[in-house]
Amino acid sequence: MLSAASIPVLSAPLPDSIPATSVAKPPPPPPSTNLSLLHLCTHLQEATQVHALMVKTSQTADPYSAGRLAEFYALSDGGSLEHAEKILDSFPHHPPTFVCNTLMRAYSERRNPFLSINLYRQMLVDAVEADRFTFTFTLKACTQLRALAIGMQIHAQVVKHAWESNAHIRNKLIHLYAVSGRIRDARKVFDGSTEPDVVAWNSMLQGYADMDDGENLHNLFDSMPARDVVSWNTMIAYYTEAGKFEEAILMFRLMQESSECGLNRVTLISVLSAVTQLGALGQGQWVHAYIKRHGIELDENLSSALINMYSKCGCIEGAIYTFETTHRRSVDTWNAMIGCFTANGCSLRAIDLFSKMEASLLMPNKITFTCVLNACSHGGLVDRGIRYFEKMSSVYGIEPDVGHYGCMVDLFSRAGLFEKAEEIIQQMPIEPDKVMWKAVVGACRVNKNYELGEKAGLKLIEIAPDDNAGYVLLSNIYAMSNNWNGVYRVRKLMHDRGIKKVPGCSSIELDGLVHEFIAGDAAHARKKEIYEMLDEMAQQLGRAGYEPDTTQVLLDIEEEDVKESSLALHSEKLAVAYGLISTSPGAIIRVVKNLRICGDCHSALKLLSQIYDRNIIVRDANRFHHFNRGSCSCMDYW
DNA sequence: TTAGGGTTAG
């Protein structure tokens with residue numbers, strides 16, 4: 001991605017070099033058999049044959065014909081940007097505006113807006129007349145690059161040419177200002193139009209959404225004379241982005257009730273994102289059923305969103321079904337499915353699917369390898385992990401990023417090969433990040449390597465002093481090694497620096513409603529029954545020989561406040577108790593927790609899955625735990 | 001002969 005610093009400044013002569021706007025219209029295009037042939041071209045080779053004919057008859061010197069040719073090369077599927085650029089170069093002194101516009105369009109479409117701006121600059125140098133299309137394309141490029149300063153220069157040109165009343169240009173200006181954080185300037189342009197159309201309204205909405213200005217966003221949305229699918233999508237995406245997932249889903253329902261407009265793929269992807277983060281499988285399944293009922297084809301994006309939803313709700317079967325019924329699979333679709341197996345503790349299936357992907361000759365990308373290496377690390381597959389890590393660059397030419405090195409550190413640390421892990425950290429060409437240090441401390445905790453754990457924990461709070469996780473992990477290491485002085489020091493440091501723990505919260509979705517619990521929660525309407533169930537659970541656990549892991553109370557500052565809670569009232573246990581009294585025997589209980597599950601709850605849920613013969617699936621901040629018949633899919637690593 | 005706004009993924 002280009003940095004703002006690398007964007008060229010428009011140093012070419014500005015206003016006076018542009019001819020007046022009231023130029024006579026170009027003459028009608030000459031009839032041409034060659035141009036009709038161009039319409040029939042679907043491949044580059046055919047187009048170059050037509051091109052050759054046109055060169056032979058000197059037709060390429062005609063601006064109209066050159067424009068059509070450039071348009072084919074630059075914008076059609078079988079085209080070639082290089083060929084289009086050659087057309088432009090064939091007019092070294094004064095290229096036709098249409099050819100320039102077409103190339104600017106193509107650059108923006110191919111995510112190279114920098115070249116659009118450069119070309120505009122060249123137009124100024126060559127004194128090529130800019131028309132209203134030139135301005136829309138240039139402004140689009142400025143918006144893509146967030147190049148506000150250049151955009152403002154273009155705005156001056158727009159005013160000079162008296163094109164501010166053109167709806168397309170005006171909306172581009174609103175959009176540019178809105179997404180660049182200049183909401184007041186956007187509003188000025190917006191208010192300057194007598195009758196802003198729905199695109200102008202939507203651009204303003206986007207601006208308020210980007211600025212996280214919920215109040216103005218709502219006011220504007222409510223005062224819109226008409227809303228379309230983009231307006232609603234913007235609102236749904238705003239709530240999802242703001243972490244207000246239930247509001248996002250509510251907005252989706254209101255959209256359907258309003259029957260103002262239909263929904264589209266973007267709506268579904270946005271609402272799926274909210275559902276996914278909420279872990280609300282029932283609502284996700286409703287969206288999937290909607291897609292099927294309305295015969296909406298699963299393209300690679302929608303299918304990735306669905307697979308991800310099933311994955312994050314711990315429903316592997318749903319993800320597999322979606323993957324298998326998707327015919328247009330992209331690398332993202334495969335990544336979503338491999339990632340689903342990885343996150344849900346099916347390491348061998350993740351690797352097996354990766355082999356199938358390789359066999360399909362689709363090129364894996366960085367994310368594919370993150371998923372595969374994670375699978376190796378979670379599954380303890382050290383040798384395979386090393387092989388894939390090597391293969392990544394040697395076969396696929398993908399240079400490992402900090403995340404991949406992190407996977408390797410995790411792989412070695414989990415396997416207790418701490419020397420190897422340290423070797424990676426020392427030799428990697430990138431600075432280790434906090435994710436990596438977290439992995440090391442976590443592994444040290446499991447493998448009781450307190451010395452390295454302390455070192456990594458100290459490093460973690462050094463590079464991420466505002467992240468509470470570092471303090472919590474370091475404190476855990478100290479507590480496990482009975483270093484209570486260390487625990488005290490870390491807590492004091494947290495207090496002095498004003499670092500707050502995030503309170504633990506677990507949720508469970510039943511009949512389309514998400515019920516949230518915090519530790520010792522007494523707010524639920526069925527609290528009496530829930531607490532009776534908790535008592536029964538404790539008795540059953542006692543009979544099964546379970547003893548609460550009291551060391552966890554001391555380790556527990558990540559979870560809930562020690563003073564306010566006891567192990568038996570942890571949020572995940574409350575959610576499971578509610579699940580047990582609210583669902584029929586044998587039904588799967590799915591819980592989503594915002595933090596990592598605590599060690600005591602982990603042991604208790606393993607036994608509870610056996611006692612009540614229930615499959616209990618907990619999604620915590622790190623991964624999934626599928627509790628079944630007394631054991632957990634994470635193999636006690638998390 | 002050309003144009004506008006919205007989404008997801010480790």
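Per chain, numbering begins at 1; letters A, B, ... match sequence-line order.
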Would you say whether A:F98 stacks on B:dT2? The test is a distance between ring centres of less than 5.5 Å and an angle between planes of less than 30°.
no
B:dG10 base to A:T370 side chain: any donor-acceptor pair below 3.5 Å?
yes
Quick one: the side chain of A:N166 and the base of B:dA3, do they pair up donor-acceptor inside 3.5 Å?
yes
How long is the line joining [atom1] of [X] and [atom2] of [N], in whole Å?
X      : N     : atom1 : atom2 : result
A:M337 : B:dA9 : CE    : C1'   : 14 Å
A:M204 : B:dG6 : CE    : P     : 14 Å
A:F252 : B:dT7 : CZ    : C1'   : 13 Å
A:D131 : B:dT1 : CG    : P     : 13 Å
A:I291 : B:dT7 : CD1   : P     : 18 Å
A:R170 : B:dA3 : CZ    : P     : 18 Å
A:F72  : B:dT2 : CZ    : C1'   : 17 Å
A:L272 : B:dG6 : CG    : C1'   : 16 Å

For [X] and [N], is the shortest distance between a side-chain N/O and OP1 or OP2 below 4.0 Å?
X      : N      : result
A:R132 : B:dA3  : no
A:K312 : B:dG10 : yes
A:N101 : B:dT1  : no
A:H175 : B:dG6  : yes

Salt bridge (Lys or Arg N to Asp or Glu O under 4.0 Å) partners of [range], not counting sequence neighbours, each pair once:
range                       : result
residues 103-119 of chain A : none
residues 224-253 of chain A : A:R227-A:E260
residues 318-327 of chain A : none
residues 216-226 of chain A : none

Closest approach of A:A84 to A:A70 (non-hydrogen atoms, all atoms of both residues):
CB-O, 3.9 Å
Over all atoms of both residues, closest heavy-atom pair of A:T60 and A:F91:
O-CZ, 3.5 Å
Would you mind classifying the nucleic acid contact of [X] as base, sugar-phosphate or nothing, using non-hydrogen atoms under 4.0 angstrom?
X      : value
A:N335 : nothing
A:R105 : sugar-phosphate
A:S270 : sugar-phosphate
A:F137 : base

Can a donor-acceptor pair be found between the side chains of A:D210 and A:Q206 at a distance below 3.5 Å?
yes
Between A:Q144 and A:Y107, does any side-chain donor sit less than 3.5 Å from a side-chain acceptor?
no
For residues 97-104 of chain A, which side-chain N or O atoms pair as donor and acceptor with protein atoms under 3.5 Å away, sequence neighbours left out?
from, atom 1, to, atom 2, distance (Å)
A:T97, OG1, A:E129, O, 2.7
A:N101, OD1, A:T134, OG1, 2.9
A:N101, ND2, A:D131, OD1, 3.1
A:N101, ND2, A:D131, OD2, 3.4
A:T102, OG1, A:F98, O, 2.7

Contact check, residues 398-411 of chain A vs DNA chain B, heavy-atom distance under 4.0 Å, returns A:D401
Between [options], which nucleotide gets closest to the side-chain atoms of [X]?
X      : options              : answer
A:N308 : B:dT8, B:dA9, B:dT2  : B:dA9
A:E71  : B:dT1, B:dG6, B:dT8  : B:dT1
A:I367 : B:dA3, B:dT1, B:dG10 : B:dG10
A:N264 : B:dG6, B:dT2, B:dA9  : B:dG6
A:F133 : B:dT2, B:dG10, B:dA9 : B:dT2

